[in-house]
Every structure is written in structure tokens, then in C-alpha cells.
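Numbering of ligands and ligand atoms starts at 1, following listing order.
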Amino acid sequence: MWVLDAGSLRFLDVNTAAVEHYGYSRDRFLAMTAHDIRPEADRAELQIVFANRTKPYDGERIWRHCKADGSVIQILPYVRPLMLRGRPAVLAASIDVTERQLAEAELRRTRSFLDTVIENIPAMLYVQDAVDHRLLLVNRACEALLGVPRDELIGGPSHALFQHTTARAVLDQDAALFRASGRDAIVEERQFETRGNGTRLLHVKKLAVSDEEGRPQYLLGIAEDVTERRAVEARIAHMAHHDPLTDLPNRACFRERLSDALERQHRHAEPAAVLCLDLDGFKAVNDTLGHAAGDALLRAVADRLRHCVREEDLVARFGGDEFAILQASAPSPEAAGQLAARLVECLAQPFSIIGQKVVIGASLGIAMLPGDGTTPDLLLNNADLALYQAKAERRGTFRFFEPEMNARIQARRTLERELREALNTGALELFYQPLLNLRENRINACEALLRWRHPERGFVSPAEFIPIAEETGLIAPIGEWVLREACREAATWPGEIKVAVNLSPVQFRQQSLVPAVVSALANAGLDPSRLELEITESVLLADSDANLAVLHRLRNLGVRIAMDDFGTGYSSLSYLRTFPFDKIKIDQSFVRELGVNRHCAAIVRAVAGLGADLGITTVAEGVETAAQRDHLQHEGCDEMQGYLFSRPLPVADLRQLIAATEQAARAA
Ligand SMILES: Nc1nc2c(ncn2[C@@H]2O[C@@H]3COP(=O)(O)O[C@H]4[C@@H](O)[C@H](n5cnc6c(=O)[nH]c(N)nc65)O[C@@H]4COP(=O)(O)O[C@H]3[C@H]2O)c(=O)[nH]1
């Protein structure tokens, strides 16, 4: 406390408390004015305040004072005018409020920090009164999401934001929260009609806040807009269970539904069927028309399948051209068979794909619940085995699973795997069987015959493994290998000896056949006229127009085309009109019966005559006896092939035989 001269503001007197608090000695005080204890910047203002002040001045504002040690304190002054020794003076009492000011500033900072946090929290945060449900606080996210300004929200009951029935439910829920106060928070997801953002899905967490006596005070809510997140999650879940190309359920989804069906079957004895379906001829569409067409075809197949089944059934795509159907209610195998027949029929109808007419087919395997398996995997496996069987027998058909299929098909699958390995490990070999010119006793050609040296079973007959290679598509790489190898070997033989190579009808479906022949000849440096390609009439039976075109392209290369197994088919003769064959190979079944069955002798005579008239070389296959040879020679057959002259031989033995035969022919 001090007394100042009202004019000069000089200290006229100070009390001990002021001396102690400020650190100036009494004398120092009395040598100073009120300006001197203020920071420079505040002095002008002091002048103005005092110049105008006549009334008492009670703590209207806070001033800064400097202590003797240089520190600045904040004070609240109480000022009274008085007369001292006849001069106007002021009595001033100052209260140091520095600490309080600091505390308040801290409080303000904390509050502003919290406000900033609440405002910027990326979730809706609101507080409502526990009793009348009026909103007391909402943050910016609330305003933005609800599309309602804060002024409209504050003071209004929170449930008014919901539609009537929802509002009732929300009120009941809040009441329940307060009854259970302090123990549980409510967490829920609720759809909310907003004014500005349409329907949103909110994830809400509500907490009850009570006073010290446990009386409900506030309800604190934090809500998050999970609309997009849930939509993305739903999309991901859909993708995890569906095939992206056809949008059909995928294998994982099918297995789950099959599991449910097994469960239902177990509880209520509801029979069902699993049908595995493979498309026939899909690969050819992909190879010839391209992948876009393949994709379009798969989508069209999916649509047809959807239309063929009932609503409670499930159609799935497992990948590639593999589909599966869960027939939810198949009261008997007949019902499953009827569905399978319907599916085969439906997929056999032509498709129109990128402006082209496309014909494919389908094969199916069926497993019944629960007889054919009590787990999804077993059922699928068994339906697959039945499918495998259906495809092996005849495409465009269906088969029911039978327990014996297991062993049979497993053995076949093992063979398939081993054949694949054989191709890669060099376990395939070519033997050659000579075709002897009956007039000159010289070797005209040698037929390349595949041999598989199996590590456990010894030689496996081509009659056993060629059909497997054809079914699995392995015939393509095997066939190309045979062509390369045979041409390479033939190039080492004396110039006039030809090599004959068997072609499977399946190779004709591959675009690569003609280029493979061209490259085999080029690599070996073999003249095309030294290569004979043997085909059976099945090549002309299936897809004859396309295959005929390939045959013509091959013949135009200069390669010779021979018809194998002549006489065993339905219309061998008519094929001679269809294509200008260079050679006819009379099937060994006719040769075997020469001298026994006069019909066979007549047929051999007719074919030999026909060949001579048409300028086509004739060969008799399977000649085992001298009598057969003589007979054939007599009938005018050009060549013979058979054990009588030579069995199929490994390369080295064949080379020796060629050398010996050439020598003998020259000597004769
Ligand atoms: N009983 C008897 N049989 C004789 C006689 N002379 C030859 N054979 C056999 O008759 C078959 C003639 O071949 P194919 O009719 O073209 O019939 C061939 C051919 O269709 C197929 N094949 C063999 N190699 C290939 C190949 O590289 N590619 C294709 N696509 N098929 C092949 O496998 C079939 C069977 O071949 P292989 O078991 O080598 O059987 C050969 C041969 O060993 C004989 O005097 N008596």
C-alpha cells in the first residue's frame, strides 16, 4: 500500500508490506514515481487513467508492476483519492494476482485445448441432459453429418432427430442405460436419416454420467459414420465368396452351403445332390476366339445355369470351366439325374458369342447326400470322380458316383501324373517298325511308335496311355515331341526311306499342328515328301470341315497323308472321295483272317485294286506269316508291315536292319 502525489505520481509513503513484496527500500520507493515501477509500455496509459480519474478505482483492470529483482507481477489496484498536507494525493492498495492470473490462463488454455479436440475429433460427440434429454453439447462433426446447425441442435431433445418409432426405441434404450448406470455402455449400429447426407449408418457408443450420489446427470454419446466402411466390408465379403467374372458363388461359398445342407440332412433327413460340371470344348473356344470370347462364354454359361435351377439351389463357379450345383432338395437320384440331363441339354444349345455361333457341351458327375459322403470335401471329391468318369466315357453326359470309381480313377490319375513326368524326364522313346516294299523287298518307310519306359511297370503300351494323353491335352506336347524326334531320326536314314507318324484327332483341334510339322521338318532338314502322317477316320468324323482344311494345308506342304486302320470304320470308302489320300493302311484284322475268312480276302483284293486304280499306295498291317505275305503280294498290295518282317525296333536296331536290307537288296 502506498500514497502517491496525484500530480507527479511520486510515492509519498509506502508501507512495510510493499517494501517487502517489491524489494525496493523505502528510500528508493520515495525517490520513484508510479511510472518507475511499470514496464515502459504501460506508462503512457497510466498517465491517461490518472488524468481522467476522480472517483475511487476498484480493481477494474490488472496492471503490470516491476519488482526490484526485475520480475514482473500482475496486480489488482484499489485506489482512493485523498488530500495530504493540502495537496491531492491517492491512496493505492495493490493485490498481487500473478498466481491467480497464471492459473486462469492455464485454465483457459486447457479449456480451449479441449474445445479444439472435441471440435476436431473425427467422430460425432454429443452430451445430453439425463433428465430432459436436451442436447447440451455437440461438436462440428455432429453438425456436418446431421446437416443441422449447432444452434438448432443445442437445447432440443436428442430423440427428436429420429423418426417416431426409432425415437421411442432410443428413449427406452437411454432409460435402460441410466438404470444400469455406470456398468455398461451401449454400443450399437443404427441407420439414421440425416437432413443433409441421406441415410447413414452410425456406430454409436453411449455412456451414462452420474453425479457423486449416483444421480443421472448426462448422457455422453460418440457416434461414427460407418456407412462407407460397412459397404466396403460387405463388398470384400462378397468378393471373398464370389467369382469376379460371373458373380456366381465361389468354391469357399459352395463348401459353406454344402456344410449347411449336410447339417440339414442330418437333422431333418433332407436329401440333396452335388453336381460337378465341366464344359466340353471350352478350351477350343478360348484358343480360337481368344480370352475375351472365353470370358463372355463363361458368363453366358453362368446365366443359363442360373435359369436352369430352382431358387433354393446353388450354382457356383470353381474356376476355369468348372462349375458346381448344389441341388438343395433332390428327393431321389432320379431328380438329380433329371436336373443333370436338363443342364446337358441346355448347354448343348448354341451360344452367340461376339457375333459368332459357338457350340460347346457339358459333362457332369453327381454325388448324393449323405450316401456318397458326409463331409463337403468328400462329396465334392466323389462328384468330381463321377465327372471324370463321365468325361472318360463320352462327353456331353452325366454319371453318378460309384464307390469303385475311386480306385479306378485314382489309378488313372496316377498314370496321368506319371505320363506328364515321363514327357519331362525323357522316359518316352520312339521305336520304329519298317514297311517293306513287297515287289523290291526294300524298306519304303518306318512307322514311329511311341514307347513309355515306366520305372516300375516296364514298357507301357501306347494303346493304354495315348487315350489318357488325349483326354488331358498332353497329346499336344507329346505329339510335337514325336514329330521332332521322328523327323530328326529319319534325316539320318538313306534318302528314299520315309518316316510315318501317327496323328491323334485331338491334335487337329490345336492351332499348333501345322506349325509343329513345319518346324519339325525344318529343324531336321527333312524333305516334306519323306514324312507320312497317319490319321484314322475319326479325324474326318469330328469337325470334318476344319480338319479337312488342316489336312489340305499339310498336304500342300508336300507331306504325304495316310489313312490308318482302313476298313474298321463306318465309311472308310467314302472318305477316299473326301480327301486325296496318298496311302491306305489295310487294318490288321483283315490280314489276320486271310485264308480263313473269304470275306476278308475279298476286301483285301478290293482295296488293293482300288489303290492301284486311284494311284494310292496300299499297305497291309499286322503281317505275321509268310502265307499272309504271299497272299498280299498276289493281290497286288504295295507294302507290308508286321512281325513277319520286323517288330517295332529301337533306333539302333532299326539302323542295323536298314543297312542289312539295303545290302541284301543291292546284292539281289
Ligand atoms: N499283333 C500284331 N501287332 C502288330 C504287328 N505289326 C505291328 N503291330 C502293332 O500294330 C500297331 C500299329 O500301329 P497303329 O495301328 O497306328 O496303332 C497305334 C497308334 O494308334 C497308337 N500310337 C503309337 N504311337 C503313337 C504316336 O506317336 N502318336 C499317336 N497319336 N498314336 C500312337 O498306338 C497304337 C498301338 O501302337 P503299338 O502298341 O505300337 O502297336 C502297333 C504295332 O506294334 C503284327 O504283326 N501283329
Side-chain angles (χ1 to χ4, degrees), residues 419 422-423 427-436 443 445-454 457-490 499-510 512-513 516-517 520 531-539 542 547 550 554 561-569 572 583-594 619-629 631-632 637 639-651 653-654 657:
L419 181 57
L423 177 65
L428 295 180
E429 203 176 312
L430 283 183
F431 274 34
Y432 294 88
Q433 188 178 30
L435 278 70
L436 195 73
I443 296 173
C446 299
E447 180 179 0
L449 292 162
L450 250 181
R451 295 292 178 262
W452 175 8
R453 230 183 259 275
H454 191 281
R457 298 170 54 191
F459 277 116
V460 181
S461 160
E464 194 179 339
F465 69 82
I466 292 284
I468 295 174
E470 287 178 336
E471 272 165 37
T472 54
L474 267 179
I475 193 70
I478 290 179
E480 286 178 19
W481 178 82
V482 171
L483 276 166
R484 266 198 318 276
E485 194 62 20
C487 289
R488 206 175 50 75
E489 177 57 27
V499 66
V501 171
N502 287 284
L503 289 185
S504 147
V506 179
Q507 286 174 272
F508 278 78
R509 285 187 223 138
Q510 260 108 36
S512 55
L513 178 57
V517 171
L531 176 62
E532 280 181 357
L533 296 175
E534 295 190 8
I535 62 153
T536 54
E537 66 174 60
S538 50
V539 167
N547 289 356
V550 175
L554 289 169
I561 309 291
M563 178 177 267
D564 206 358
D565 304 338
F566 188 83
T568 52
S572 302
K583 186 177 263 190
I584 296 172
K585 295 189 81 176
I586 304 169
D587 190 66
Q588 43 185 288
S589 56
F590 299 103
V591 177
R592 205 172 301 134
E593 307 238 323
L594 279 177
V619 192
E621 293 185 288
V623 181
E624 293 185 354
T625 66
Q628 288 166 347
R629 180 199 55 205
H631 196 132
L632 291 161
C637 230
E639 295 172 355
M640 74 159 205
Q641 176 182 3
Y643 295 172
L644 176 68
F645 178 64
S646 169
R647 287 180 173 264
L649 298 172
V651 173
D653 295 355
L654 176 84
L657 180 67

[X] and [Y]: which non-hydrogen atoms are nearest, and at how many Å?
| X | Y | answer |
| --- | --- | --- |
| G622 | Q628 | O-OE1, 3.9 Å |
| S538 | T536 | OG-OG1, 2.9 Å |
| E534 | N502 | OE1-OD1, 3.3 Å |
| P434 | R647 | CD-O, 4.3 Å |
| E480 | S512 | OE2-OG, 3.2 Å |

Query raised in the report: For the side chain to side chain contact (heavy atoms under 4.5 Å, CB included) test, which of L649, L449, V651 pairs with Y432?
Result: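 Only one option passes, and that is V651.
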Query raised in the report: Given E639, which of L632, I443, V619 fulfils the side chain to side chain contact (heavy atoms under 4.5 Å, CB included) condition?
Result: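 Of the listed options, the one satisfying the test is V619.
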At less than 4.0 angstrom from any non-hydrogen atom of [X], what atoms of ligand 1 do you find?
| X | value |
| --- | --- |
| R451 | 39 (O), 43 (O) |
| G642 | 6 (N), 45 (O) |
| E624 | 1 (N), 2 (C), 44 (C), 45 (O), 46 (N) |
| D565 | 15 (O) |
| P462 | 23 (C), 33 (O), 35 (C), 36 (O), 37 (P), 38 (O), 39 (O) |
| E621 | 15 (O) |
| G622 | 5 (C), 44 (C), 45 (O) |
| S504 | 30 (N) |

If you have a sec, work out which protein heavy atom is nearest [atom] and how many Å separate them, to one decimal?
| atom | result |
| --- | --- |
| atom 45 (O) of ligand 1 | Y643 N, 2.9 Å |
| atom 7 (C) of ligand 1 | Q433 OE1, 3.0 Å |
| atom 29 (C) of ligand 1 | N502 CB, 3.5 Å |
| atom 18 (C) of ligand 1 | L449 CD2, 4.3 Å |
| atom 14 (P) of ligand 1 | D564 OD2, 3.9 Å |
| atom 24 (N) of ligand 1 | L450 N, 3.1 Å |
| atom 43 (O) of ligand 1 | P648 CG, 3.4 Å |

Does any non-hydrogen side-chain atom of [Y] lie less than 4.5 Å from one of [X]?
| X | Y | result |
| --- | --- | --- |
| Y643 | Q433 | yes |
| F465 | L474 | no |
| L483 | L533 | yes |

Requested in this report: Consider every N or O of R592 and every N or O of ligand 1, then say whether any pair is closer than 3.5 Å.
Outcome: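 No, since none of the N or O atoms of R592 sits under 3.5 Å from an N or O of ligand 1.
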Query - Geometric N/O contact I466 with ligand 1, under 3.5 angstrom - result: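 No - when backbone and side-chain N and O of I466 are compared with those of ligand 1, no distance drops under 3.5 Å.
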Requested in this report: Give the contacting part of K585 toward ligand 1: side chain, backbone, both or neither, where contact means a heavy-atom distance below 4.0 Å.
Outcome: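 No part of K585 is near ligand 1 at this cut-off.
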Requested in this report: Taking the six-membered ring of F431 (Phe, Tyr or Trp), confirm whether the NZ or CZ of R451 is under 6.0 Å from its centre and within 45° of its axis.
Outcome: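 Positive - R451 is close enough to the ring of F431 and near enough to its axis.
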**Report entry** Close approach of Q588 to ligand 1, heavy atoms, under 4.0 angstrom
**Finding:**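 Within the 4.0 Å threshold, so yes.
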Query raised in the report: Has E447 got any heavy atom lying under 4.0 angstrom from an atom of ligand 1?
Result: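 A heavy atom of E447 does come that close to ligand 1.
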Query raised in the report: Between K585 and E532, does at least one N-O distance fall below 4.0 Å, as a salt bridge requires?
Result: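 No salt bridge links K585 with E532.
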Query raised in the report: Can you find a protein heavy atom under 4.0 Å from atom 40 (O) of ligand 1?
Result: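 Not a single protein heavy atom is under 4.0 Å away.
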**Report entry** Test side-chain contact (heavy atoms from CB on, under 4.5 Å) applied to V539 and L503, step by step
**Finding:** CA-CA 9 Å; V539 167; L503 289 185; over 6 Å; no
